[in-house]
Amino acid sequence: MRYTHSFLKTLKDAPKEAELISHQYLLRGGFVTPLGAGIYTYLPMGFRVMRKIYTIIQEELNKIGVEDILMPVVHPARVWKETGRFFEVGPELWKIQNRSEEDFVLAMTHEEVVTDAAKKVIQSYKDLPKLVGQIQLKVRDEARPRGGLLRLREFTMQDAYSFDKDEKELEMSYQKFIGAYKKIFERVGVKTVMIESDTGAMGGLGAHEFMMITPSGEDKIVTDGTRAVNAEKLGIAKEEDVDSPAAASKIAEFFGTAKVEFMRGIEVGNIFKLGTKYSDPQKLNYLDENNQQRPVIMGSYGIGLDRLIASIVEASHDDKGMIWPKAVAPYHIHLISIGDDEKVWNTANHIYEELWQAGAEVFFDDRLDVSAGDKFADADLIGIPLRVVISSKTLNDSSVEVKEREKKTARLVALNSLVDSVRPR
RNA sequence: CGGGGCGUAGCGCAGCCCGGUAGCGCACCGCGUUUGGGACGCGGGGGUCGCAGGUUCAAAUCCUGUCGCCCCGACCA
């Protein structure tokens with residue numbers, strides 16, 4: 001893509017509503033733009049990052065046997081009434097009515113819908129186990145959206161579901177997802193810790209969360225160095241509570257020690273052993289080897305994509321802008337031409353075409369009336385991992401400048417070996 | 001939902017206290033000079049001052065209501 005053709009517009013000043021660094025840079029860099037509180041449009045740069053993450057998640061889940069499906073965002077209230085969550089969940093569940101005043105809900109999550117679909121597939125122990133998943137919008141009437149992409153009213157989530165015949169098999173599915181999630185977070189460049197958590201409105205037998213540790217996170221974590229737990233599970237609301245007498249007994253009971261540390265994190269993923277929480281009320285049963293009806297044992301597994309994008313920026317930036325890990329960067333290469341010299345211009349255009357043909361995704365700052373400093377500042381802000389600069393300064397020696405976003409210094413590469421040296425492998 | 005803050009051009013802000021024909025920087029348009037770290041000169045375009053009432057000869061400014069956005073807390077799959 002050429003800058004002059006792109007829908008991109010960068011900002012020098014961050015909009016005043018943005019406090020978190022990820023929020024500021026994503027707005028300034030033209031990755032997203034707000035429509036309302038907790039509701040965002042993904043602009044081309046941001047959407048490219050979203051699609052990179054989408055693909056990585058799908059690849060890793062497919063590897064453990066998850067099949068991709070796509071469930072609706074508008075749900076007839078029927079299934080939510082079957083499980084009782086229509087009445088239990090509270091105002092976060094976005095309820096709507098159609099013209100006939102029939103109740104519908106917007107997809108806060110998809111357990112009910114996937115369970116309903118599974119009834120048509122799973123009848124026998126021979127139909128188990130099964131793993132399905134999707135990447136789809138979730139809609140929640142959040143009391144307070146916040147932190148840019150950290151807490152949204154409408155967001156994109158990967159959610160997958162396991163169906164097993166007993167808890168032992170569920171544990172195997174659960175472990176598969178833990179493995180896949182660790183690979184996903186590693187590939188997108190986010191360091192996470194897995195902690196024990198409450199099951200909340202999801203219900204079930206147990207749950208874990210994947211946390212990226214950062215002071216800007218809204219979740220609180222207590223750890224003794226080996227195990228970690230969501231502070232809310234211990235009834236701890238803030239850091240000072242860790243030292244309170246009320247918390248002491250719970251901490252001792254959970255960890256077997258009083259020496260614990262308090263941290264903050266962003267919850268980028270969560271996994272639940274649902275058990276029969278949904279299969280019981282929705283009557284998702286199977287016939288076992290002895291002709292006995294048994295409820296299917298379920299698990300659910302989710303990653304918030306928007307939140308993950310914000311987390312990557314929180315984890316990887318400097319005072320000039322974002323620094324995207326290669327795997328999720330909107331483009332591989334940020335190509336810049338300096339000045340309006342004809343030879344520079346022709347060379348840059350030629351390189352642009354060659355790089356695309358070589359399989360590199362290239363963003364070309366082809367503006368002729370913009371100063372070098374302006375272009376460098378934009379490149380640093382947008383944070384594409386590799387920068388290639390074409391200017392008469394180096395072109396006279398038949399070389400071009402190449403610089404990694406995370407490095408301070410550039411290197412010169414011979415023009416005739418450039419494409420081969422910077423193409424993605 | 002409680003507490004606090006803010007709504008003036010795409011973005012950042014001043015003007016409001018003390019009412020009198022709306023201003024600055026960035027961005028944008030034209031011409032020219034520039035081009036290795038957010039260039040310069042000259043000339044331009046863009047605003048129902050969030051919205052609705054009220055007070056007044058006159059309201060961005062004062063009063064009332066309302067909507068929106070942000071932050072803290074409660075809540076949070």
Side-chain angles (χ1 to χ4, degrees), chain A residues 8-20 23-24 27-30 33-39 80 83 85 88-94 105-112 138-148 150-153 155 157-159 161 197-204 207 209 216 218-220 230 232 237-238 267 269-272 274 277-278 300-304 307 319-321 336-341 344-345 365 367-381 387-396 400-401 403 408-410 412:
Chain A
L8 175 68
K9 176 75 76 175
T10 59
L11 296 171
K12 283 183 185 170
D13 300 310
K16 62 172 176 294
E17 73 264 19
E19 285 217 340
L20 284 187
H23 195 192
Q24 292 179 9
L27 291 174
R28 284 187 52 205
T33 192
L35 179 63
I39 304 176
W80 287 79
T83 62
R85 286 166 109 196
E88 289 163 10
V89 169
E92 237 185 28
L93 180 63
W94 206 314
V105 312
L106 301 180
M108 187 180 99
T109 174
H110 284 86
E111 280 77 13
E112 279 84 354
K138 301 279 183 283
V139 182
R140 295 177 190 178
D141 191 359
E142 286 288 346
R144 191 183 151 214
R146 77 181 85 179
L150 281 190
R151 180 164 291 273
L152 299 168
R153 293 201 301 207
F155 57 100
M157 189 165 173
Q158 173 277 127
D159 52 314
Y161 304 88
S197 65
D198 269 334
T199 50
M202 305 299 295
E209 293 167 338
S216 52
E218 57 179 357
D219 287 285
K220 295 113 186 171
N230 196 310
E232 69 188 13
K238 50 188 186 296
E267 179 192 334
N270 54 24
I271 55 179
F272 297 89
L274 299 174
K277 160 108 178 170
Y278 300 90
S300 79
Y301 313 86
I303 293 175
R307 192 177 273 188
D319 60 344
K320 293 191 171 73
I336 291 175
S337 65
I338 291 178
D340 55 3
D341 179 87
V344 167
W345 174 248
D365 192 342
R367 295 173 296 175
L368 287 170
D369 54 350
V370 171
S371 68
D374 230 330
K375 294 187 174 186
F376 291 144
D378 267 351
D380 289 338
L381 174 62
R387 189 184 80 186
V388 174
V389 179
I390 315 294
S391 80
S392 51
K393 183 173 141 185
T394 62
L395 205 54
N396 292 334
V400 297
E401 182 195 282
K403 177 184 167 298
K408 286 267 181 280
T409 54
L412 291 178

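Every chain is numbered from 1, with letters handed out A, B, ... down the list of sequences.
- Within the 3.5 Å criterion, the main-chain N or O of A:Gly304 finds no donor-acceptor partner in the side chain of A:Gln158.
- The same atom, P, is picked in B:G15 and in B:C24; the two are 15 Å apart, to the nearest Å.
- Among the atoms of the strands shown, none is found under 4.0 Å from any heavy atom of A:Asp341.
- A heavy-atom distance below 4.5 Å is not found between the side chains of A:Ile338 and A:Val344.
- Checking B:G41 for Watson-Crick or G-U wobble geometry (two distances, each under 3.5 Å) identifies B:C31 as its partner.
- Partners of A:Asp159 by side chain to side chain donor-acceptor pair (under 3.5 Å), not counting sequence neighbours, listed by chain and number: A:Gln134, A:Lys138, A:Tyr161.
- Among the protein residues, A:Leu368 comes within range of the nucleic acid bases, having at least one heavy atom under 4.0 Å from a base atom.
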Derivation of the side chain to side chain donor-acceptor pair (under 3.5 Å) call for A:Ser392 and A:Asp341: CA-CA 7 Å; A:Ser392 51; A:Asp341 179 87; 5.5 Å; no

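- Rounded to an integer number of Å, the gap from A:Glu209 CD to B:C76 C1' is 11 Å.
- Across every strand in view, B:C76 sits unpaired, with no contact that passes the Watson-Crick or G-U test at under 3.5 angstrom.
- As rounded to whole Å, 14 Å separates atom P of B:G38 from atom CD1 of A:Ile336.
- Residue A:Ala14 is the one, among A:Ala14 and A:Glu401, whose nearest nucleotide of RNA chain B lies closer to the 5' end (criterion: closest heavy atom).
- Note: CG (A:Leu395) to P (B:G36) measures 15 Å, nearest angstrom.
- Residues forming a side chain to side chain donor-acceptor pair (under 3.5 Å) with A:Glu112 (at least two apart in sequence, or on another chain): A:Thr83, A:Arg85.
- With both ends at atom C1', the span from B:C69 to B:C28 equals 26 Å, rounded to whole Å.
- On a pure distance criterion of 3.5 Å, no polar donor-acceptor pair joins the side chain of A:Arg144 and the base of B:G3.
- Pair assignment for B:A14: none, as no Watson-Crick or G-U wobble contacts are both less than 3.5 Å.
- Taking the C1' atoms as reference points, B:C71 lies 42 Å from B:U35, given to the whole Å.
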Per-nucleotide protein contact string for nucleotides 25-31 of chain B, where B marks a base within reach and S marks sugar-phosphate only (heavy atoms under 4.0 Å, - for neither): BSSS---

Identify each atom pair where a protein N or O and an N or O of nucleotides 67-70 of chain B are less than 3.5 Å apart, giving names and distance.
unit_1 : atom_1 : unit_2  : atom_2 : d
B:C69  : OP1    : A:Ala37 : N      : 2.9
B:C70  : O3'    : A:Glu17 : O      : 3.4

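- When rounded to the nearest whole Å, the span between CZ of A:Arg367 and P of B:U35 equals 18 Å.
- Between the NZ atom of A:Lys375 and the P atom of B:G36 there is a distance of 11 Å, given to the nearest Å.
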Using nucleotides 44-47 of chain B, report all nitrogen or oxygen pairs with the protein that are shorter than 3.5 Å.
none

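- Close to B:U35, at under 4.0 Å from its OP1 or OP2, lies no side-chain N or O of A:Ser371.
- Between the C1' atom of B:C75 and the NZ atom of A:Lys220 lies a distance of 11 Å, rounded to the nearest Å.
- Judged as a side chain to side chain donor-acceptor pair (under 3.5 Å), and not counting sequence neighbours, the contacts of A:Asn230 are A:Glu209.
- Among the protein residues, A:Arg387 comes within range of the nucleic acid bases, having at least one heavy atom under 4.0 Å from a base atom.
- Panel note: side chain A:Lys375, backbone A:Ser337; a donor-acceptor pair is recorded below 3.5 Å.
- Residue A:Asp340 is in base contact, counting any heavy-atom pair closer than 4.0 Å across all strands shown.
- For the pair A:Arg151 (side chain) and A:Arg144 (backbone), a donor-acceptor distance under 3.5 Å is absent.
- Residue contacts shown for A:Ile338 include a base, since a base heavy atom lies under 4.0 Å away.
- In this entry B:C49 has no Watson-Crick or G-U wobble partner, no candidate having both defining distances under 3.5 Å.
- The pairing partner recorded for B:U55 is none, the criterion being a Watson-Crick or G-U wobble arrangement whose two distances lie under 3.5 angstrom.
- Counting any heavy atom pair closer than 4.0 Å across all strands shown, A:Lys403 reaches no nucleic acid atom.
- With a cut-off of 3.5 Å on both Watson-Crick or G-U wobble distances, the partner of B:G19 is given as none.
- The backbone N or O of A:Asp141 lies less than 3.5 Å from no partner atom in the side chain of A:Arg153, so there is not a single donor-acceptor pair.
- Within 4.0 Å of A:Phe155, counting heavy atoms only, lies at least one base atom of the nucleic acid.
- Figure legend. B:C6 is base-paired to B:G68; pairs are counted as Watson-Crick or G-U wobble with both atom distances under 3.5 Å.
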